[in-house]
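The structure appears below as structure tokens.
Owing to the predicted nature of the structure, the values given are computational and were not obtained by experimental measurement.
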Amino acid sequence: MNIHEKYMYRCIELAKIGAAHVAPNPMVGAVLVYKDRIIGEGFHEKYGMPHAEVNCLNSVKDEDTRLIPSSALYVSLEPCAHHGKTPPCTDLISEKKIPTVVVGCRDPFAEVNGKGIKKLQQAGIAVTTGVLENECKELNKRFFTFHTQQRPYILLKWAQTANGKISANNTERLLITNEFTNRLVHKWRSEEMAILVGTNTALLDAPELTNRLWNGKSPVRIVLDMDLKLPLSLKIFNQKQRIIIFNAVKYEEKENLLFFKLKKDNGIIHHVLSACHQMNIQSIMTEGGAKLLQSFIDAGLWDEARIITNTGLRVAEGLASPKLSHFHHLFAQNIFTDKIDFYYHNTAPF
């Protein structure tokens with residue numbers, strides 16, 4: 001590991017602290033180094049608040065401020081060069097007379113892409129790019145997917161029995177995962193901007209689709225109910241969090257409830273993702289049911305899958321779980337009797 005990689009790993013480590021708090025902005029970490037000594041570090045903590053570079057420079061102790069013009073700034077993502085909710089970080093870097101900036105990867109956002117690096121270079125600052133580039137892109141896979149593919153990042157998740165059943169052949173809800181895995185799933189929910197289910201899952205499982213078992217903001221709830229069959233008495237329609245009902249009947253909005261009308265054809269999944277992109281929803285966790293999950297798989301419109309298998313549970317009859325295709329297996333994690341397998345789609349660049 002060279003010196004640049006050493007400090008870029010620290011940037012990534014810092015950036016991850018902002019998970020679940022910065023979307024639709026990317027997670028970013030920054031480290032200021034003087035002669036192999038960190039004199040400042042920071043990360044983007046919350047959407048609309050100061051960026052990582054600002055927090056990093058503000059963390060420098062008074063006695064070390066004189067060292068800033070002789071230090072190197074490491075940042076996991078290209079510094080912004082435009083006025084958004086905060087001023088351009090490139091201007092701050094120039095004002096502080098930082099001579100060297102090391103960047104993990106370029107920002108795919110059109111307002112930044114390459115402009116931040118160019119602006120720094122035009123100010124006479126030495127810029128090194130592409131340090132741990134793949135790791136820095138993987139950190140913000142949701143952000144990169146949204147801006148490069150013009151659709152949300154799609155995470156598929158389901159639980160199945162040891163013999164591959166997602167539900168039993170009766171009206172009772174089949175509880176597959178244990179309480180510890182349930183908490184982990186709620187943590188996952190807090191890390192995504194939206195959560196999606198189909199009509200049957202909303203009706204038969206009657207989920208609330210919040211992350212009540214974990215601290216943090218619950219995702220926007222999305223239901224695909226083309227014929228508006230679901231009764232508004234379901235828990236999913238409470239006012240705890242915004243809900244979007246994609247349907248083919250009407251467009252109507254009131255408080256936290258949005259009925260979004262779509263064309264009813266074979267391209268429904270594409271229509272949903274296009275609408276979510278327009279609404280700036282960068283990531284969606286799709287939790288079911290089996291038909292909806294399989295439609296994403298068959299269309300090749302997924303990026304990551306997390307499949308939970310209760311290795312000690314079997315049912316004689318039941319609905320078969322979806323069949324994943326075009327994937328590579330990342331790793332597996334065991335939580336008592338639950339085994340979680342993590343997958344990326346073959347097209348994932350990370």
**OP:** Answer yes or no: is there a donor N or O on one side and an acceptor on the other, between the side chain of E5 and the main chain of L132, under 3.5 Å?
**Re:** no
Subject >> Mutual orientation of the aromatic rings belonging to F246 and F260 [parallel < 30°, tilted 30-60°, perpendicular > 60°] >> reply: perpendicular
Original post:
Do the side-chain N and O atoms of H147 and N113 include a donor-acceptor pair separated by under 3.5 angstrom?
Top reply: no
Original post:
So, for Y153 and F146, is the gap between ring centers shorter than 6.0 Å?
Top reply: no
**OP:** Determine yes or no for a side-chain-to-main-chain donor-acceptor pair under 3.5 angstrom, with D225 supplying the side chain and K229 the backbone.
**Re:** yes
Original post:
Can you tell me how far OG of S233 sits from CG of N238, rounded to the nearest 0.5 angstrom?
Top reply: 11.5 Å
Original post:
Does H345 reach the main-chain N or O of D303 with its side chain, forming a donor-acceptor pair under 3.5 Å?
Top reply: no
**OP:** Would you kindly say whether R183 and N178 are connected by a side-chain donor-acceptor distance under 3.5 Å?
**Re:** no
Original post:
Among R142, K157, K141, whose salt bridge (charged side-chain N to carboxylate O under 4.0 Å, His left out) with E192 holds?
Top reply: R142
Original post:
How long is the gap from OG1 on T347 to CZ on F327, to the nearest 0.5 Å?
Top reply: 13.5 Å
Original post:
Can any side-chain N or O of D265 pair as donor or acceptor with the backbone N or O of G267 at less than 3.5 Å?
Top reply: yes
Original post:
Just by modelled atom types, is the I117 backbone N or O under 3.5 Å from a matching donor or acceptor in the E78 side chain?
Top reply: yes
Original post:
What's the shortest heavy-atom distance between I17 and H21, and which atoms?
Top reply: O-CD2, 4.1 Å
**OP:** Decide if the gap between the ring center of F336 and the ring center of F180 is smaller than 6.0 angstrom.
**Re:** yes
Subject >> Chi angles and distances behind the side-chain contact (heavy atoms from CB on, under 4.5 Å) call for L196, C276 >> reply: CA-CA 11 Å; L196 169 65; C276 288; over 6 Å; no
**OP:** List the atom of A332, the atom of H329, and the distance in Å for their closest heavy-atom pair.
**Re:** N-CE1, 3.9 Å
Subject >> Spatial distance of atom CD1 (I195) from atom CG (L209) [nearest 0.5 Å] >> reply: 4.5 Å
Subject >> E63, CD: over 12 other non-hydrogen atoms inside 6.0 angstrom >> reply: yes
**OP:** Report, as yes or no, whether the 6.0 Å neighbourhood of atom NZ on K16 holds more than 12 heavy atoms from other residues, nucleotides or ligands.
**Re:** no
**OP:** Ignoring hydrogens and angles, state whether a donor on the side chain of Q241 or S218 is under 3.5 Å from an acceptor on the partner side chain.
**Re:** no
**OP:** May I ask you to decide if V112's main-chain N or O and D107's side chain share a donor-acceptor pair within less than 3.5 Å?
**Re:** no
Original post:
So which heavy atom on M8 is nearest to which on S76, and how close?
Top reply: SD-CA, 3.7 Å
**OP:** Write down the atom of W214, the atom of S190, and the distance for their closest heavy-atom approach.
**Re:** CD1-OG, 3.7 Å
**OP:** May I ask you to decide if V102's main-chain N or O and T128's side chain share a donor-acceptor pair within less than 3.5 Å?
**Re:** no
Original post:
Among V223, T199, I245, which residue meets the side chain to side chain contact (heavy atoms under 4.5 Å, CB included) test with L228?
Top reply: I245
**OP:** Determine yes or no for a side-chain-to-main-chain donor-acceptor pair under 3.5 angstrom, with T311 supplying the side chain and T337 the backbone.
**Re:** yes
Original post:
For V33 and I39, what are the C-alpha separation, side-chain angles and deciding distance, and is it a side-chain contact (heavy atoms from CB on, under 4.5 Å)?
Top reply: CA-CA 6 Å; V33 180; I39 63 171; over 6 Å; no
Original post:
Do Y74 and H4 have ring centres separated by under 6.0 Å?
Top reply: yes
**OP:** Measure from NZ or CZ of K261 to the centre of the six-membered ring of Y251 and say whether it is under 6.0 Å with the direction within 45° of the ring axis.
**Re:** no
Subject >> Check: T201 side chain, G198 main-chain N or O, donor-acceptor pair, under 3.5 Å >> reply: no
Original post:
Is the closest side-chain donor-acceptor distance between W302 and E304 under 3.5 Å?
Top reply: no
Subject >> Side-chain donor or acceptor of R151 paired with backbone N/O of H277 under 3.5 Å >> reply: no
Original post:
Is there a side-chain contact (heavy atoms from CB on, under 4.5 Å) between L32 and I98 once you walk through the steps?
Top reply: CA-CA 9 Å; L32 189 64; I98 297 172; 4.3 Å; yes
**OP:** Say whether T177 and D338, considering side chains only, have a donor N or O and an acceptor N or O under 3.5 Å apart.
**Re:** no
